[in-house]
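Before any comments, here is the structure.
The sequence lines fix the lettering, A, B, ..., with proteins before strands; numbering per chain opens at 1.
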2 protein chains.
Amino acid sequence: MDLNERKLRILQAIIHDFIITGEPIGSRTLSKKFDMGISPATIRNEMADLEEMGFLTHPHTSAGRIPSDKGYRLYVNHLMQKYELPEKEKQIIASKLTSDFNELEQTIEKAAGLLSEITNLTSFALTPQQDEDVLKYINILPVDERTVVLMIVAESGKVSNTALRISVPYSEENLAILSKTLTYNYRGKTISQVLTSDIIKNFETDIEAMSRLAENIMPNFMKTLENMLNVDLYMAGQTNIFSIPEFNDIDKAKMFLEMLSKKDDLTRTLVNRDDGVIITIGDENSEEILPDCSLITATYHIDGKLVGKIGVIGPTRMKYDEITSVVEFVTEKLNSTFKLPEGKE
Amino acid sequence: MDLNERKLRILQAIIHDFIITGEPIGSRTLSKKFDMGISPATIRNEMADLEEMGFLTHPHTSAGRIPSDKGYRLYVNHLMQKYELPEKEKQIIASKLTSDFNELEQTIEKAAGLLSEITNLTSFALTPQQDEDVLKYINILPVDERTVVLMIVAESGKVSNTALRISVPYSEENLAILSKTLTYNYRGKTISQVLTSDIIKNFETDIEAMSRLAENIMPNFMKTLENMLNVDLYMAGQTNIFSIPEFNDIDKAKMFLEMLSKKDDLTRTLVNRDDGVIITIGDENSEEILPDCSLITATYHIDGKLVGKIGVIGPTRMKYDEITSVVEFVTEKLNSTFKLPEGKE
DNA sequence: AGTTAGCACTCACGGATAACGAGTGCTAAC
DNA sequence: GTTAGCACTCGTTATCCGTGAGTGCTAACT
């Protein structure tokens, strides 16, 4: 039994219709709606074949057919045609996404908001992973007798700081020395290199006062570094789920929202995705993702280097063509926003 | 018609029962359950009176009575007895809330998580308002040819920073001068004072290079200051709503979650609340809060100075006594965590 | 041989009806 | 003032049944 042209046309029609209506569709209705020059009976036979091949299912005996995950996959890979975003929409996105380079995080958050607004799905965005980011310098500044600020600056311009109380008195001079020493030791190393290095664990100096100071500061130094490594997850449009008929059921909605609330799981899932525009459908997803959800993600780049992720999550029944285009376009815009105007770093 | 002792006892019994079961309760069931020495008929009469006075309602003619918001108010003010948290629970809270002074934000977030876990409601916490916080110093540090880090440190130890790209070349010396000038101008002023001052808008120097530098930096200086003023809202247990029968209805749950997603509104509502442990019931709340929700909040202090808020939101039917105690205790623990061990600042 | 008409069958959905039970208010007796 | 008795209300649940969109199968048609 082969997947001839007619079968593909029928499959496409079913998916097309189902994506819009959300209702199972039967042979008779399909032939009326799409006028494909063959009788319902013929369609019925083809449908039965498509089902046998795993591209369709039906919720119960006397209902119409709906696409299976495998059906969607075929559609996304071969049947779906590229959707060109209307110029108007492009302009809206572009205008809402202008910002300057400094507002990296706000821009990413804004992009997530935009994405959920346009797609009516739940969107998310990950800030870039900083694994490869290299330390520039470390600075410890006095605040008052018992408080100092530890500040770590990376090549990328990312800054992380903590105010910390210390239990021993300090002199500004000692702070300066410690800052210099730390900078000297770690400048040019990546964050993860520093974190796994031994030196950091047994940082020693021969000056008594200094070593006491270091004792106070080093644990926080590590924490602050770890903070720099963490990616942040932004989300928007969580409640959009309620406007989707399939999830208009208390249990489904609950499960969906509970899935979203497990930010760690979600972050991990997203971090592990491949680069580029990736679509995963239903059970292709990892276990953390609800069974009948699909994920569309893309990677954006900062200054050509660092990468973050952005995308949407929704029911397997979604307008893959349109949504892919939106995600693609937003990513494109992000890339150009985060591109350095001149030269390289 | 007066609110005699017997009426109060009946009201208390009704509220007590309703808080537990969530079902309207009738005269017969009440008399059986509580064995108060009077017949259902008598209870019925008293109930009718209580309803006339506005403390009870019934959802429909042939249903039992349920407390009205006014009824809950009476209960909370006069009938409710203090609930003593079991020692075990106290220990759990205490042990989970230990942390050092530096981890202010994490601790607050943790407290919110704890609150939702124990109460099975949605909890939230506001970071301290920084209005009265006073600037300590401003530092501008070089990163690379086109990037500097602007860093503002407040008396409280709070630090805010932004990495910013500037369009003109700079010398480290100029940065240092600008830092010093800014610090000199604004040290000792509160953030809001600085933000509303004129100086900031037309910062001028006679040195050409400096003024160009300042032009680049000042707008970001203001933004960074504004960031320092913003309070952050943490939330936890949003999906707990699904386990509450009254909200086990798609529309209700949706409205609740949509209310929570309007963070700005929520933050405003919380910021505007009075100090101390405050309970507001149903329509006593501002419009942003769903009609049949109650709010219990408390203020925690950092180092003795008044500041942040923490609390829970749930259906008007909640265990006011227990939950108030939990909120109170968590607040207490936060206070002692955030108390400086010695002396004053 | 592929296509189609016809037909018996399936099954979710919606409306109608009825029994049930927890409740009420009222009246009259205690 | 309290209580027993009673008629009445009304949401809940179960049952039944007609409807209609669907199916698979078979036999006739091109």
Query raised in the report: Rounding to a whole Å, what distance do you find between Met47(B):CE and dG23(C):P?
Result: 9 Å
Query raised in the report: Is the backbone of Ala13(A) close enough, under 3.5 Å, to the side chain of Lys33(A) for a donor and an acceptor to pair up by distance?
Result: no
**Report entry** Residues Arg65(B) and Glu51(B) bridged, charged N to O under 4.0 Å
**Finding:** yes
Do any N or O atoms of the protein come closer than 3.5 Å to N or O atoms of nucleotides 27-30 of chain D, and which pairs are they?
none

Query raised in the report: Looking at residues at least two apart in the chain, or sitting in another chain, which of them share a ring-ring contact (aromatic ring centres under 6.0 Å, His included) with Phe55(A)?
Result: none
Report summary line: Rounded to whole Å, CD1 of Ile66(A) lies from C1' of dA21(D) at a distance of 16 Å
**Report entry** Nearest-0.5 Å distance, CE of residue Met255(A) to CG of residue Asp249(A)
**Finding:** 9.5 Å
Query raised in the report: Rounded to whole angstrom units, what separation is found between the CD1 atom of Ile14(B) and the P atom of dG23(C)?
Result: 11 Å
Report task. Could you tell me whether Lys262(B) and Glu258(B) make a salt bridge, using a distance below 4.0 angstrom between a side-chain N and a carboxylate O? Result -> no
Report task. Measure from CD1 on Ile25(B) to C1' on dT24(C) and round the result to the nearest Å. Result -> 15 Å
Report summary line: Atom CG of Asp49(A) and atom C1' of dT23(D) are separated, to the nearest Å, by 14 Å
Requested in this report: Can you label the angle between the Tyr72(A) ring and the Phe18(A) ring as parallel, tilted or perpendicular, going by 30° and 60°?
Outcome: tilted
Report summary line: Note, DNA chain C 5' to 3' with Watson-Crick or G-U pairs under 3.5 Å encoded as ( ), [ ], | and . gives ||||||||||||||||||||||||||||||
Query raised in the report: Would a distance-only check, ignoring hydrogens and angles, find a side-chain to backbone donor-acceptor pair under 3.5 Å from Ser325(A) to Tyr83(A)?
Result: yes
Report task. Decide, yes or no, whether a salt bridge links Glu84(B) with Lys90(B) under the criterion of side-chain N to carboxylate O below 4.0 Å. Result -> yes
Query raised in the report: Tell me: CD1 of Ile43(B) to P of dT3(D), nearest whole Å?
Result: 9 Å
Pairs under 3.5 Å (N/O, protein and nucleotides 1-5 of chain C):
residue : atom : partner  : partner atom : Å
dT3(C)  : OP1  : Arg6(A)  : NH1          : 2.8
dT3(C)  : OP2  : Arg6(A)  : NH2          : 3.0
dT4(C)  : OP2  : Ser39(A) : N            : 3.1
dT4(C)  : OP2  : Ser39(A) : OG           : 3.3
dT4(C)  : OP2  : Thr42(A) : OG1          : 2.4
dT4(C)  : O5'  : Ser39(A) : OG           : 3.4

Query raised in the report: Within the distance-only criterion (no hydrogens, no angle test), does the side chain of Asn248(B) pair as donor or acceptor with the backbone N or O of Ile250(A) below 3.5 angstrom?
Result: no
Query - Heavy-atom donor-acceptor pair, Glu288(B) side chain to Asp265(B) backbone, under 3.5 Å - result: no
Report summary line: Taken to the nearest whole Å, NZ/Lys7(B) to P/dG1(D) is 11 Å
Requested in this report: Rounded to the nearest angstrom, tell me the gap between atom CD in Glu51(B) and atom C1' in dT24(C).
Outcome: 10 Å
Report task. Taking side-chain hydrogen bond (donor to acceptor under 3.5 Å, both in side chains) as the test, write out the residues that go with Glu322(A), two or more places apart. Result -> none
**Report entry** Presence of Arg28(B) side-chain N/O under 4.0 Å of dT3(D) phosphate oxygens OP1/OP2
**Finding:** no
Query raised in the report: Judged by atom type as modelled, is there a donor-acceptor pair below 3.5 Å linking the side chain of Ser123(A) to the main-chain atoms of Ala112(A)?
Result: yes
Requested in this report: Indicate for each nucleotide in nucleotides 9-22 of chain C, in 5' to 3' sequence, whether protein heavy atoms under 4.0 Å reach the base (B), only the sugar-phosphate (S), or nothing (-).
Outcome: -BBS---------B
Query raised in the report: With respect to Leu85(A), which candidate in Ile92(A), Ile93(A), Ile118(A) satisfies the side-chain contact (heavy atoms from CB on, under 4.5 Å) definition?
Result: Ile93(A)
Query raised in the report: Is there a donor-acceptor pair closer than 3.5 Å between any side-chain N or O of Asp69(A) and the backbone N or O of Asp283(A)?
Result: yes
